[in-house]
Amino acid sequence: MKAITDYQNKKVLVLGLAKSGVNAAKLLKRLGALVTVNDKREFDDNQNAKVLLEEGIRVITGSHPVELLDENFELMVKNPGIPYSNPMVKRAQELGLPIITEPELAYEVSEAPWIAVTGSNGKTTTTTLIGQMLNEARTTGHAYDAGNIGIPASQVAEKATADDQIVAELSSFQLLGITQLHPEIAVLTNIYEAHLDYHGDRAHYVAAKMRITMNQTPDDYFVMNWDLPEMHELAKQSEAQIVPFSRQHVAGARAYQEGEWLYFDSERIIKASELQIPGDHNIENALAAIAVARLKGVAGSAIAAVLRRFTGVKHRIQYVTAFNGRKFYNDSKATNVEASSVALTAFDAPIVLIAGGLDRGLSMADLTPLVKQHVASMVVYGETAPLLQQVAQDAGVPVERVEQLPEAVRVAYEQSQPGQVILLSPAAASWDQFKNFELRGDQFIETVAALEAEEK
C-alpha cells in the first residue's frame with residue numbers, strides 16, 4: 001500500500017456502511033483521517049457500527065441527519081447504493097463537498113495496476129475469468145478480484161503489491177464516485193437499460209459507465225463489445241486503444257468467434273463447445289476475458305485451460321451437478337425478468353424452470369414467449385407464484401405451484417425427463433423467503449445434493 005499523507009487530519013464523513021463502508025472507514029483511520037461514520041440502521045441492530053466504534057471511530061446511526069454536514073467535513077465517501085437524490089448527498093453537493101466512492105480511495109493507495117470491468121450484464125463472470133486467466137501461469141505476484149464482485153477494493157489494495165494485479169468489477173454507482181481511478185485495461189461488456197430509477201435516464205446511465213475510461217491514455221486499452229452498434233460511437237469518447245470483441249465476427253474485432261472457434265488476433269484459443277458455461281452471453285464474456293488476458297501476455301493454452309474448467313460464478317447460471325440424465329443449474333442471482341430471460345436462452349435442452357420470489361408489483365409477461373420456446377414445464381413458489389402461473393398458462397406449459405423452494409426442487413425433478421435441464425432462475429428478488437439471493441441459491445444446491453444422494 002502506498003504511504004500517502006493526503007488524508008492526515010482530514011475530516012471525512014463515510015456515508016453508509018456494508019462491507020465497502022466498513023473497510024473505507026478503517027483504511028481512512030489508518031491514513032490518519034478524522035473519520036465519522038453515518039449509517040441509517042439503528043445501532044442495536046448494526047454490527048458494523050459496533051465494530052467501528054470499538055476501533056475508536058465515531059459512529060452516528062439511526063438516520064442521515066443533514067445538520068451533521070455543518071461540521072465542516074472535507075470529503076464524503078458515499079456508499080454507492082445511496083442515490084444522489086438523498087438529502088445528505090444533495091446538501092454535500094450544495095456545500096461543494098467532494099464525494100467519492102470506496103474504489104476511488106482504494107485506487108489512491110494501491111501499488112498494484114488495475115484492470116476494471118463494467119457493463120449491464122456479465123461483469124462478475126468476466127472479472128472472475130480474467131482473474132483466473134492471469135493467475136493460471138503466473139510466476140510472480142497474484143491477480144486479485146475486487147469491487148462490486150463482493151470483495152471491497154480497499155481491502156485488496158492494502159495488501160496488493162506492485163507485482164500484483166487488481167481486477168475490479170465496477171458498477172455504474174461506483175463509477176460516479178471516481179476521480180483519479182485509471183485502469184491500464186478497461187472492459188465494457190455491454191450496455192442495456194438498467195438502474196434508470198437511480199440515474200434518471202439512459203443517457204446518464206451510459207455516461208456513468210463511460211467514466212471507466214475517462215482517465216485512460218493512448219498507452220491504455222479499452223475492451224468493448226463490437227456487436228452493439230452503440231459501442232462504435234462510444235469508443236470515440238476514449239483516449240485508449242480500442243480492443244473490440246465480437247461473437248458475430250464484426251469487422252475490426254480482435255477477439256471474436258468464427259465458426260466453432262474463439263480467436264484473438266487470428267490465433268485460435270478454444271472451441272465454443274468446450275466452454276463449460278452455457279449461452280451466447282457467456283461466449284461474449286469469454287471473448288472479453290480472452291482479450292484482456294492476451295493483452296497481458298497470457299498464453300492461449302493457459303486461457304483455454306481456464307475456460308475448459310470454469311463452471312460459472314456461484315448463483316449465476318452456475319452448473320451444480322448432473323445425475324439420471326438431468327443437469328442442474330443455479331441462477332438465483334436472476335432477481336428480475338431480464339436476468340431470467342438471459343438464462344432461458346442459454347440452453348439447447350428443454351428446461352424445467354423453477355421460479356418465484358418477492359412480488360414487486362412488476363409484470364412477468366415478457367417471459368411468456370421465452371417460456372413457450374424453451375421450457376418444458378414450470379414449478380413456481382413464493383409471492384410471484386400467481387403471476388408465473390399465468391405466464392405458464394399463456395405459454396401453454398404445464399405448471400405446478402408449491403410453497404417453498406425445497407419442495408419446488410423435488411417436484412421439478414419428478415416432472416423432468418432425461419436430457420432436460422432443471423434450472424432455478426427465479427425472475428424475482430429473494431426477500432419473501434430469504435435474506436438474500438445467495439441463501440436462496442445455497443438452499444437450492446443443498447436440496448439438489450440431498451436429492452442426488454437419495455437417488456444413488
Side-chain angles (χ1 to χ4, degrees), residues 14-16 18-21 23-24 75-86 89 92-93 97-110 112-127 130 145-157 166-217 220-225 228 230-231 233-240 242 288 292:
V14 176
L15 186 67
K19 290 181 183 179
S20 65
N23 279 277
L75 176 72
M76 175 185 284
V77 180
K78 181 184 76 68
N79 181 295
I82 297 175
Y84 287 81
S85 58
N86 177 281
V89 182
Q93 290 176 316
L97 185 65
I99 301 171
I100 65 171
T101 50
E102 180 260 354
E104 172 65 23
L105 176 65
Y107 179 79
E108 291 176 19
V109 303
S110 175
W114 281 47
I115 294 167
V117 181
T118 196
S120 300
N121 297 318
K123 296 185 296 294
T124 300
T125 296
T126 302
T127 299
I130 291 169
D145 296 342
N148 197 56
I149 200 168
I151 305 167
S154 54
Q155 177 181 316
V156 172
I166 292 178
V167 186
E169 176 188 335
L170 300 177
S171 69
S172 58
F173 303 166
Q174 291 171 319
L175 287 168
L176 282 175
I178 68 169
T179 55
Q180 301 177 47
L181 196 151
H182 177 178
E184 61 175 8
I185 302 176
V187 181
L188 182 54
T189 59
N190 46 59
I191 294 182
Y192 302 109
E193 288 199 5
H195 306 303
L196 300 192
D197 55 339
Y198 186 102
H199 293 285
D201 56 37
R202 193 177 189 280
H204 284 93
Y205 173 60
V206 172
K209 288 295 190 188
M210 286 298 292
R211 290 175 66 86
I212 199 169
T213 188
M214 70 180 187
N215 293 319
Q216 288 192 297
T217 72
D220 303 316
Y221 298 97
F222 190 16
V223 177
M224 304 181 76
N225 188 339
L228 302 177
E230 180 180 23
M231 296 283 186
E233 289 301 312
L234 291 175
K236 297 174 184 177
Q237 300 178 22
S238 177
E239 296 293 324
I242 305 301
V292 173

With the side chain counted from C-beta on, respond yes when [X] and [Y] share a heavy-atom pair under 4.5 Å apart, and no when they do not.
X      : Y      : answer
Arg211 : Thr118 : no
Met231 : Ile242 : no
Met210 : Leu188 : yes
Ile212 : Phe222 : yes
Arg202 : Ile191 : yes
Glu230 : Val206 : yes

What are the two closest non-hydrogen atoms of [X] and [Y], and how far apart are they?
X      : Y      : value
Val109 : Ala157 : CG2-CB, 4.0 Å
Ala112 : Ile166 : CB-CG1, 4.1 Å
Glu102 : Ala24  : CG-CB, 4.0 Å

[X] side chain to [Y] main-chain N or O, any donor-acceptor pair under 3.5 Å?
X      : Y      : result
Thr127 : Lys123 : yes
Gln216 : Tyr221 : yes
Glu104 : Thr179 : yes
Lys209 : Gly119 : yes

Identified side-chain contact (heavy atoms from CB on, under 4.5 Å) partner of Val156 from the options Asp145, Asn23, Ile151: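 Single side-chain contact (heavy atoms from CB on, under 4.5 Å) partner of Val156 among Asp145, Asn23, Ile151: Ile151.
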Sole residue of Ile185, Ile115, Val117 in side-chain contact (heavy atoms from CB on, under 4.5 Å) with Val223: Ile185
His204 atom NE2: more than 12 heavy-atom contacts under 6.0 Å: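 Not more than 12 within 6.0 Å, no.
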Heavy-atom neighbours of Gln93 CD exceed 12 at 6.0 Å: yes
Parallel, tilted or perpendicular, as decided by the 30° and 60° cut-offs, for the rings of Phe173 and Tyr198: parallel
Parallel, tilted or perpendicular, as decided by the 30° and 60° cut-offs, for the rings of Tyr107 and Trp114: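 Taking Tyr107 first and then Trp114, their aromatic rings stand perpendicular (interplane angle over 60°).
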Any side-chain donor near an acceptor of the partner, Thr101 and Gln174, under 3.5 Å: no
Lys78 vs Leu176, side-chain contact (heavy atoms from CB on, under 4.5 Å): CA-CA, chis, key distance, verdict: CA-CA 10 Å; Lys78 181 184 76 68; Leu176 282 175; over 6 Å; no
